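Not measured: the values here are computed from a predicted model.
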Amino acid sequence: LARSPRYVVLPWFPLPAGRAAQAQDLTVISERDPDGSVLRIEARGSTTTRAPATATDAWLVDAGALRDDIVALELEWNSAAGGLDSAYRVEGSEDLRSWRVLQPQAQLLDLVRDGRHLRQRRIPLDGSARYLRLLPNGVGAAPSLTAIRAEMAPTTADLPWSWETL
């Protein structure tokens, strides 16, 4: 029997504005002669900057104390007066240097109208990592975070074995 998911509060840290906006990019230049033969290929690594980030729109999460797989993150924030509709991606790393995408696009919502509330605080992940980085995808107000919880993969209940004589 499957058990309900278990949640663990994780330590998180706001990323500085300039660092959150940088992304590694690769430029490849090829030169060919008139008959189409390759004369030269040059590859350059570069750092490109996307739209300016504010000091609190990107976060680093330390999941190093966890031993089980994380299936999702659940974010808690103070509700904004004007509502929230922001897209985020989640990247994972074991060493804080090499990052891989665990969720390319997740929508965070917190909307209120006529006494009704619509919220989306859960970000499903495709894999786990020791460190998680939440980065904004495009423009939109960032939530005022208060907590980040990891939803752990459900475990199966240990049932006692019993033998029956047929």
Return yes if some donor-acceptor pair links the side-chain N/O of [X] with the main-chain N/O of [Y] below 3.5 Å, else return no.
| X | Y | value |
| --- | --- | --- |
| S128 | I70 | yes |
| Y88 | P104 | no |
| S86 | L108 | no |

Within the 4.5 Å heavy-atom criterion, are [X] and [Y] side-chain neighbours or not?
| X | Y | value |
| --- | --- | --- |
| L75 | L134 | yes |
| L125 | V71 | no |
| L135 | D57 | no |
| R6 | D68 | yes |
| L84 | L111 | no |
| D110 | H117 | yes |

Checklist entry - Pairs in or reaching into residues 94-104: which pass side chain to side chain donor-acceptor pair (under 3.5 Å), with residues at least two apart or in two chains? => result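 Residue pairs with at least one partner in residues 94-104: S93-D95.
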Checklist entry - Run the side chain to side chain contact (heavy atoms under 4.5 Å, CB included) check on D69 and M152 step by step: do they pass? => result CA-CA 6 Å; D69 289 336; M152 309 308 293; over 6 Å; no
Checklist entry - Just checking, R121 and W77: is the charged tip under 6.0 Å from the six-membered ring centre and within 45° of the axis? => result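 R121 over W77 ring: yes.
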Looking at [X] and [Y], what are the two nearest heavy atoms and their distance?
| X | Y | answer |
| --- | --- | --- |
| L66 | A150 | CD1-CB, 4.0 Å |
| A129 | G92 | CB-CA, 3.6 Å |
| A106 | I123 | CB-CG2, 3.6 Å |

Got a sec, which residues hit side-chain contact (heavy atoms from CB on, under 4.5 Å) with [X], two or more places apart in sequence or on another chain?
| X | value |
| --- | --- |
| Q107 | D85, A87, Q105, L109 |
| P11 | F13, D62 |
| D126 | none |

Checklist entry - Do W59 and V8 belong together in a cluster built from hydrophobic side chains that touch within less than 4.5 Å? => result yes
Next on the checklist: Between V101 and L132, is there shared hydrophobic-cluster membership here, with clusters defined by ILVMFWY side-chain heavy atoms closer than 4.5 Å?
Outcome noted: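 Shared cluster, no.
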Next on the checklist: Using the side-chain hydrogen bond (donor to acceptor under 3.5 Å, both in side chains) criterion, which residues pair with W12? Sequence neighbours excluded.
Outcome noted: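 W12 satisfies side-chain hydrogen bond (donor to acceptor under 3.5 Å, both in side chains) with no other residue.
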Next on the checklist: So, using salt bridge (Lys or Arg N to Asp or Glu O under 4.0 Å) as the criterion, who are the partners of R130 when residues are at least two apart?
Outcome noted: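 Here no residue qualifies.
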Checklist entry - Could you give all pairs that pass the salt bridge (charged side-chain N to carboxylate O under 4.0 Å, His left out) test and reach residues 144-155, with sequence neighbours left out? => result E74-R149, R122-E151
